Amino acid sequence: MSTYQVPRGTFDILPDESYKWQFVIKVFREIAREFNYKEIVTPIFEKSEIFERSVGESSDIVEKEMYKFEDKKGRVFALRPEGTAPVVRSFIENGLSLKTNSSKLYYLGPMFRYDRPQKGRYRQFYQYGIENIGSTNPFVDAEVIALAYRFLTKLGLKNFALQINSIGCKNCTTDYDDALKEYFNPSLVELCSDCRNRLLKNPKRLLDCKVKSCKAIAQEAPSMLDYLDEDCTANFDKVKEYLTAMEIPFIVNPKIVRGLDYYSQTAFEFIDTNLGAQNTLVGGGRYDTLAEQLGGKNMPGIGFAGGFERLILSMEEEKLSFGLQQVPKVYLVALGTEARIAGLKLIMEMRRMGISTEYDPDKTSMNAQMKMANRTGAEFALILGEDELKNNNIILKDLTKGEQKIIKIPDIIKSIKDK
RNA sequence: GUGGGUGUAGUUCAACGGUAGAGCACCGGAUUGUGGUUCCGGGCGUUGUGGGUUCAAAUCCCAUCAUCCACCCCA
């Protein structure tokens with residue numbers, strides 16, 4: 001056992017695994033490009049106030065999960081627990097609303113939450129996400145959902161379901177909260193202690209409770225959808241209509257409640273059906289008041305975020321491909337000092353021509369070098385010995401077929417390129 | 001933050017309170033100019049860490065750290 005280990009809830013992405021990450025990141029970028037979203041990169045830490053004012057003082061994230069610290073001048077920062085607030089901060093700060101072609105943004109990177117680690121839940125985790133800022137049009141809601149759907153589908157995932165809901169605007173919510181309080185109050189004693197708290201602070205979360213008794217009571221609770229005002233209802237209907245038009249299957253789940261305070265109207269989750277307790281693959285929704293809360297102009301927006309860890313877990317579960325592991329194209333086997341030096345020159349040339357090349361600096365015997373060539377998974381071995389060198393030749397051996405032929409050294413790069 | 005399970009070689013796992021072992025991987029050789037297969041050889045690892053009980057602890061007890069599962073929360 002080594003003396004040091006990674007901090008709790010974090011992990012190393014090892015060389016054998018990194019290609020999986022590269023693969024899903026590559027696909028995400030491709031899909032973002034298909035939809036014409038452009039990348040935005042924001043710092044890993046921000047003034048903690050940014051999260052407190054947007055995500056919400058009473059949310060779990062702010063209340064107990066933030067990595068908060070003071071710098072040497074006493075400024076209070078937090079490692080970002082999520083990506084939306086920083087993007088909106090940057091959007092306001094840089095006046096992106098005034099520029100064309102800069103309202104559709106995507107981001108990638110680590111987020112931090114001090115949470116108890118579990119399968120699919122880490123303290124440093126990697127999110128991908130998009131934000132579409134500036135429009136209240138339900139076309140945009142549908143497009144954002146479509147992008148997530150397209151991404152998951154492109155990766156080959158099948159075991160997931162899209163659930164959507166509308167949590168209304170401020171007006172609807174207050175009415176609904178009152179209705180919930182009225183409904184649950186008579187059964188107060190039967191609720192779990194968490195739920196008694198929730199009833200005061202955020203009654204909607206009660207719908208999400210997993211305690212059996214609470215679940216049973218919540219079964220008959222009034223539905224959010226009945227409390228939506230005209231606008232919100234119309235909007236939600238349009239979102240559904242557009243999704244249907246794009247042939248994106250969804251189910252309406254009135255019990256979806258997002259844990260971040262800035263959400264309004266459209267809320268959605270892509271749930272993995274065989275992942276365990278941490279099964280939200282992608283979560284997102286509309287946040288029409290967020291920009292104002294951060295001191296900007298009234299600027300509506302909608303976006304989503306997903307975690308790469310769960311994505312990869314889910315893909316492994318479904319035995320999906322992550323593409324090929326990185327292997328060198330050519331492995332140079334050099335015999336003798338002169339051949340080794342001549343080989344150096346050759347290696348440089350091949351690498352410059354874009355041919356990935358490997359060799360072993362320590363092994364001298366043919367046998368050992370061939371073994372290494374095989375182990376790296378190289379496609380070809382180039383064998384250079386005294387005899388070949390004398391005649392300006394080199395042996396090109398196809399390691400999968402086992403065939404080999406003698407080639408003039410000046411022609412070798414062309415021969416490999418032609419393969 | 002709460003509850004439960006687990007921690008032994010690089011890895012997957014064995015070992016009744018009494019000498020810590022096997023598969024895979026890895027290294028070397030058979031084969032000093034040709035790999036994958038095969039055969040032979042190679043393991044002292046503070047049994048996660050720190051205490052305690054005992055003649056004796058990987059094994060029992062306590063603490064701690066990590067991990068897994070669930071609550072919670074969410075990506």
Side-chain angles (χ1 to χ4, degrees), chain A residues 1-11 14 16 55 59-65 80-84 108-129 148 192-195 197-198 202 205 208-212 214 256-260 263 269-272 275-284 303-314 331 333-336 339 360 362-389 395-404:
Chain A
M1 225 20 89
S2 60
T3 318
Y4 295 110
Q5 26 185 288
V6 288
R8 182 170 165 83
T10 69
F11 54 90
L14 300 175
D16 274 359
V55 175
S59 68
D60 279 22
I61 291 176
V62 167
E63 212 166 85
K64 44 194 190 196
E65 295 174 6
R80 60 181 184 195
E82 61 104 42
T84 302
L108 297 168
M111 305 293 164
F112 305 84
R113 290 183 204 171
Y114 190 90
D115 211 341
R116 184 102 175 228
Q118 201 179 314
K119 187 188 177 90
R121 187 169 76 188
Y122 305 91
R123 290 185 172 176
Q124 173 171 340
F125 57 102
Y126 292 80
Q127 279 194 336
Y128 53 92
C192 69
S193 58
D194 281 340
C195 278
N197 244 320
R198 287 184 183 123
N202 192 350
R205 290 235 217 138
D208 232 11
C209 187
K210 270 135 194 145
V211 177
K212 257 191 210 140
C214 300
I256 286 190
V257 187
R258 313 255 64 228
L260 286 62
Y263 283 115
E269 287 182 8
F270 286 83
I271 308 285
D272 189 291
L275 210 57
Q278 308 303 323
N279 62 356
T280 305
L281 234 33
V282 171
F304 71 71
F308 281 119
E309 294 82 1
R310 290 179 193 177
L311 198 61
I312 289 171
L313 276 173
S314 183
Y331 198 99
V333 175
L335 302 161
D360 190 295
D362 296 317
K363 303 249 180 344
T364 52
S365 78
M366 176 76 138
N367 204 350
Q369 291 188 70
M370 284 303 288
K371 273 188 182 171
M372 290 307 293
N374 192 57
R375 197 125 48 100
T376 57
E379 275 178 70
F380 300 101
L382 277 182
I383 301 164
L384 187 60
E386 307 287 321
D387 295 346
E388 287 78 16
L389 200 55
I395 296 170
L396 175 64
K397 176 161 189 170
D398 186 318
L399 287 171
T400 46
K401 292 181 189 155
E403 298 161 359
Q404 66 180 50

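Nothing here was measured: the structure is a model prediction, and the numbers come from that model. Quick note on labels: first sequence line is chain A, next is B, and so on, each numbered from 1.
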Measure from the side chain of [X], starting at C-beta and using heavy atoms only, and say which of [options] lies closest.
X: A/Leu399; options: B/C73, B/A75, B/G35; answer: B/G35
X: A/Arg116; options: B/C73, B/G4, B/G35; answer: B/G4
X: A/Gln118; options: B/U34, B/C69, B/C74; answer: B/C69
X: A/Asp387; options: B/G35, B/G33, B/A70; answer: B/G33
X: A/Lys119; options: B/C68, B/C71, B/G36; answer: B/C68
X: A/Asn374; options: B/G36, B/C73, B/A66; answer: B/G36
X: A/Tyr114; options: B/G1, B/G33, B/G35; answer: B/G1

Mind checking if [X] touches a base, just sugar-phosphate, or nothing, with heavy atoms under 4.0 Å?
X: A/Gly9; value: sugar-phosphate
X: A/Ala373; value: nothing
X: A/Lys397; value: base
X: A/Ile395; value: base
X: A/Glu65; value: sugar-phosphate
X: A/Val282; value: sugar-phosphate
X: A/Gly129; value: nothing
X: A/Glu403; value: nothing
X: A/Asp115; value: base

_Show me the dot-bracket string of RNA chain B, counting Watson-Crick or G-U pairs under 3.5 Å, with | for pairs to another strand and [ ] for crossing ones._
(((((((..((((....[..)))).(((((.......))))).....(((((..]....))))))))))))....

_At less than 3.5 Å, do the side-chain atoms of A/Gln369 and the base atoms of B/G33 form a donor-acceptor pair?_
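Answer no: no donor N or O sits under 3.5 Å from an acceptor.
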
*asked:* For the base of B/A75 and the side-chain ring of A/Phe308, does the geometry meet a stacking cutoff of under 5.5 Å between centres and under 30° between planes?
replied: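 It does not: the ring fails the test against the base of B/A75.
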
How long is the span from the [atom1] atom in [X] to the [atom2] atom in [Y], to the nearest 0.5 Å?
X: A/Thr10; Y: A/Tyr122; atom1: OG1; atom2: OH; result: 11.0 Å
X: A/Phe112; Y: A/Glu82; atom1: CZ; atom2: CD; result: 13.5 Å
X: A/Leu382; Y: A/Gln404; atom1: CG; atom2: CD; result: 11.0 Å
X: A/Met372; Y: A/Asp362; atom1: CE; atom2: CG; result: 9.5 Å
X: A/Leu399; Y: A/Tyr331; atom1: CG; atom2: OH; result: 11.0 Å

*Let me see the working for A/Met111 and A/Gln124 under side chain to side chain contact (heavy atoms under 4.5 Å, CB included), right down to the final yes or no.*
CA-CA 6 Å; A/Met111 305 293 164; A/Gln124 173 171 340; over 6 Å; no

_Closest non-hydrogen atom pair, A/Phe304 against A/Ala148_ =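 Reported closest heavy-atom pair: CE2-CB, 3.6 Å.
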
_I need a per-nucleotide contact map over nucleotides 25-32 of chain B, read 5' to 3'. Cutoff is protein heavy atoms under 4.0 Å; write B for the base, S for backbone only, - otherwise._
-SSS--B-

*With a 4.0 Å cut-off, would you call A/Arg121 and A/Asp115 a salt bridge?*
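A/Asp115 and A/Arg121: salt-bridged.
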
*Measure from NZ or CZ of A/Arg123 to the centre of the six-membered ring of A/Tyr114 and say whether it is under 6.0 Å with the direction within 45° of the ring axis.*
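Satisfied, under 6.0 Å and within 45°.
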
